[in-house]
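One structure is given here, and the rest of the page talks about it.
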Number of protein chains: 2
Amino acid sequence: MTEPKDYKIAAVDRALALLEALADRPEQGVTSLAKSLGMTKSLVFRLLHTLEERGFVSRDPERAEYSLGYRIGVLGERLGKDGALLYAARPVMDALRDKTSENVNLVIREGLKSYVLATRAGYHSIRLFAQAGRNGPLHAGGGSLLLLAYADPSVVDTVLAQPLEAFTPHTVTDRAKLRQVLERIRANGYNIVLNDLDDGAFSVAAPIRSADGAVIASISVAGAVVRFDEERRETYLKAALDAAAEISERLSIHGPGENGRVKSMA
Amino acid sequence: MTEPKDYKIAAVDRALALLEALADRPEQGVTSLAKSLGMTKSLVFRLLHTLEERGFVSRDPERAEYSLGYRIGVLGERLGKDGALLYAARPVMDALRDKTSENVNLVIREGLKSYVLATRAGYHSIRLFAQAGRNGPLHAGGGSLLLLAYADPSVVDTVLAQPLEAFTPHTVTDRAKLRQVLERIRANGYNIVLNDLDDGAFSVAAPIRSADGAVIASISVAGAVVRFDEERRETYLKAALDAAAEISERLSIHGPGENGRVKSMA
DNA sequence: CGCAATGTTTTATTCTGTGAAACATCGTTT
DNA sequence: AAACGATGTTTCACAGAATAAAACATTGCG
């Protein structure tokens with residue numbers, strides 16, 4: 001079905017793509033951006049100018065390199081209901097990272113992909129890097145599998161109907177086995193994986209639920225397998241479950257969220 | 001001077017204006033947005049579609065009303081150096097709000113205006129509302145005046161050359177007197193105002209400095225004057241100064257900021 | 001039951017976004 | 001020191017895309 005209606009307006013879409021490219025890799029110049037986006041330099045230049053005038057990007061005057069600007073941070077402070085999860089999660093993620101010294105990831109499902117909403121980098125010098133804003137598979141990775149386990153059955157079917165890439169020798173690509181894995185996740189209420197997405201990495205994931213009990217996101221502790229022993233397994237799991245519970249609770253309490261009417265500013 | 005060069009691309013600029021309108025007031029429909037922005041409905045409709053496809057806005061399927069989407073929150077997690085201030089300030093603002101139960105505002109200067117980067121709402125039922133993303137004057141308000149006091153002299157001159165609106169009977173609009181006020185702020189290293197921008201409101205502001213010592217922002221505690229006594233004056237001032245110092249320190253420590261290379265995701 | 005307001009779609013016209021290429025401004029290399 | 005190469009900036013002409021207007025659909029309200 002070649003969607004007959006396309007209301008997308010190209011110029012705007014390009015600008016958004018540019019913003020995402022800058023989020024992906026900050027401190028880029030015009031040429032670099034043009035190349036990686038397949039746009040011409042003049043176009044990128046104009047887009048950046050437009051974005052800069054509104055503070056959505058800022059440039060280092062010396063080096064003529066651009067990064068995302070403060071105005072985006074401000075918008076991020078004023079999200080609609082989509083922001084509730086981020087708000088609730090941020091301090092909890094900070095605490096979880098400090099407690100474990102490992103990477104912490106907040107992941108949601110976006111169609112048939114996983115999507116990293118936010119991350120906290122661990123304190124170890126040898127560590128994995130995850131990046132907010134990245135799409136990943138649903139059939140591998142601690143948080144992703146957990147999301148898949150709690151997703152609508154039709155989603156599971158669709159995912160299983162597609163080719164399942166093996167990211168490492170330990171990735172579960174056998175359909176029947178994968179369904180068992182999902183079953184076990186639901187039974188346990190958490191998910192622990194080793195080496196299934198990144199070789200040498202573990203991930204301990206717990207489900208975050210909305211007020212109506214639906215699983216809407218996962219929070220996970222991830223790091224290098226070499227640091228993962230029986231004791232850490234226990235403490236990380238408890239920490240992740242506690243964190244997930246706290247975020248879930250915050251979401252339920254605040255409910256629809258506060259949309260304070262504006263009266264003035266100080 | 002009618003700027004001869006205008007590299008702004010209109011479609012993109014309109015999209016950004018739309019985002020800011022949504023930040024200003026979430027949960028708006030097409031018509032409402034079109035009216036407040038002076039655009040046609042079809043245009044707003046297309047812009048929203050484009051933004052929605054990338055997750056920059058999300059819509060309540062029932063009510064067909066739009067709000068800012070999660071993707072903006074994700075970008076907000078990955079700001080360039082502009083984000084350092086927000087990162088450093090967020091937890092400190094939370095703590096300051098909890099300590100005082102009053103509104104907390106993070107304000108920067110944007111040309112000849114003040115700009116609210118972030119706010120934390122106080123816990124009192126009678127309270128002022130401030131809103132992130134709002135421009136305000138430089139010559140009134142606790143944080144604004146403090147920023148003006150530390151701004152380049154040419155900025156002060158320009159501001160004083162313009163008409164100074166009196167927001168309340170207590171707003172200082174006399175040029176000479178205003179210069180004295182700025183002088184006193186610099187001498188004190190903080191600023192406390194009553195009723196100068198909002199009648200019945202106080203504001204206790206302290207300067208946030210970058211690593212090189214320049215004042216780049218202000219953090220302020222604000223609330224209703226009826227709750228402002230000698231004791232609170234002292235505790236709020238100390239709390240604000242401490243908070244400002246801590247943010248400044250965080251900024252200096254983290255320096256250029258961490259731009260972790262991406263390897264994978266979990 | 002009908003009216004009013006809102007969201008959605010279509011279409012024609014204009015104007016704007018676009019790419020190509022020239023220009024300027026560096027920093028680097030030989 | 002001179003020439004080169006890479007990058008950011010500007011110009012310009014044209015195609016095509018953004019836009020306004022108006023028709024259509026849908027919903028809620030009186």
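Within every chain, numbering begins at 1; the chains are lettered A, B, ... in the order of the sequence lines, protein sequences first and strands thereafter.
- The 5' end of DNA chain D is approached more closely, in terms of each residue's nearest nucleotide, by A:His49 than by the other of A:His49 and B:Leu47.
- The residue among A:Phe45 and B:Lys41 whose nearest nucleotide of DNA chain D is located toward the 5' end is A:Phe45.
- Atom CD of A:Glu52 is separated from atom P of D:dG8 by 13 Å (rounded to the nearest Å).
- The CG atom of A:Leu43 sits 14 Å away from the P atom of D:dG8 (whole-angstrom rounding).
- You'll find that the side chain of A:Ala11 is closest to C:dG17, out of D:dT19, C:dT8, C:dG17.
- Of the residues in residues 12-22 of chain A, none lies under 4.0 Å from DNA chain D by heavy-atom distance.
- What separates CG of A:Leu48 from C1' of D:dT9 is a distance of 12 Å, to the nearest Å.
- The backbone N or O of B:Ser144 lies less than 3.5 Å from no partner atom in the side chain of B:Arg109, so there is not a single donor-acceptor pair.
- Between B:Val12 and A:Ala11, the shortest heavy-atom distance links the atoms CG2-O, 3.5 Å.
- Within residues 28-40 of chain B, the residues approaching DNA chain D are B:Thr40, by heavy-atom distance under 4.0 Å.
- Using modelled atom types, one side-chain atom of B:Ser114 and one backbone atom of B:Pro137 make a donor-acceptor pair closer than 3.5 Å.
- Listed for the A:Thr50 side chain is no donor-acceptor partner under 3.5 Å among the backbone atoms of B:Asp13.
- For B:Leu148 against B:Val156, the heavy-atom pair with the smallest separation is O-CG2, 3.6 Å.
- With respect to A:Asp24 and B:Arg78, no salt bridge is recorded, no charged nitrogen being found less than 4.0 Å from a carboxylate O.
- For A:Asp212 (side chain) and A:Ala214 (main-chain N/O), a donor-acceptor pair under 3.5 Å exists by modelled atom type.
- By the ring-ring contact (aromatic ring centres under 6.0 Å, His included) test, B:Phe167 pairs with B:His139, sequence neighbours left out.
- Relative to the side chain of B:Ser42, the nucleotides D:dA22, C:dG19, C:dG17 differ in distance, and D:dA22 lies closest.
- The separation between A:Glu65 atom CD and D:dT7 atom P is 11 Å, rounded to whole Å.
- A cation-pi arrangement is present between B:Arg209 and B:Tyr150, with the terminal nitrogen or guanidinium carbon under 6.0 Å from the aromatic centre and inside a 45° cone about the axis.
- Summarising the geometry, the separation between CZ on A:Arg46 and P on D:dA17 is reported as 17 Å, rounded to the nearest angstrom.
- Contact annotation: A:Tyr7 side-chain N/O to C:dT8 OP1/OP2 distance is not under 4.0 Å.
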